[in-house]
Enquirer: 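Got a structure for you, written out below as C-alpha cells; questions coming shortly.
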Amino acid sequence: MRFSVRFAVVVLLGGVAALSAAERSQQSERPRVPLLSNEEAWDHLPECPDGRDRPLPNWARALAQALPHTTAAMLELDHLYRTTAELDPK
C-alpha cells in the first residue's frame, strides 16, 4: 500500500514539474473558484442598509451565491473585528 501512495505522489509531482512556464503562469492568472461580480454578489446577500457600493473581498464573491447568510455573517464579523475593540485579539 505504501508503494502505491509513493508512486502516486511521484506521478503527481512529475506532472506538475512537466508544466511549462507559460502553462503555470496561465493557471495562476485565472481563479480556481468562479467569482461573481461585485454587483451580482451583493444581489445574493441579504439586504444591507449601507455598503452596497463597497467592493467585496474575493472570498465573499466566491461564497455569496452558495452561502449568502453565512457570507453576510462573516462579513459582519470581519467588520466588527477590524473596526472595534469588542473582540479580544487573543
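In this text, all values refer to a predicted model and were calculated from it rather than measured experimentally.
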Enquirer: Is any side-chain heavy atom of Asp43 closer than 4.5 Å to a side-chain heavy atom of Arg52?
Expert: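 Contact flag for Asp43/Arg52 side chains = yes.
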
Enquirer: Is the backbone of Ser37 close enough, under 3.5 Å, to the side chain of Trp42 for a donor and an acceptor to pair up by distance?
Expert: no

Enquirer: Does Met74 reach the side chain of Asp78, with side-chain heavy atoms less than 4.5 Å apart?
Expert: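 The answer is no; the side chains never approach within 4.5 Å.
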
Enquirer: When you compare the side chain of Arg61 with that of Asn58, does any pair of heavy atoms fall below 4.5 Å?
Expert: yes

Enquirer: Report whether Leu56 and Leu67 are members of the same hydrophobic cluster (ILVMFWY, side-chain heavy atoms less than 4.5 Å apart, transitive linking).
Expert: yes

Enquirer: If I compare all heavy atoms of Pro68 with all of Pro46, which pair ends up nearest, and what's the gap?
Expert: O-CD, 3.7 Å

Enquirer: Kindly compute the distance separating CG (Leu35) from CD (Gln65), expressed to the nearest 0.5 Å.
Expert: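 Answer for the CG-CD pair, Leu35 versus Gln65, is 12.0 Å.
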
Enquirer: Side-chain contact test, heavy atoms from C-beta onward, threshold under 4.5 Å: evaluate it for Leu75 versus Pro57 and give yes or no.
Expert: yes

Enquirer: With rounding to the nearest 0.5 angstrom, report the NE2 to CD distance, His44 to Glu39.
Expert: 12.0 Å

Enquirer: If you define the side chain from C-beta out and look only at heavy atoms, does anything of Leu45 sit under 4.5 Å from Thr71?
Expert: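 With C-beta onward as the side chain, the pair touches.
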
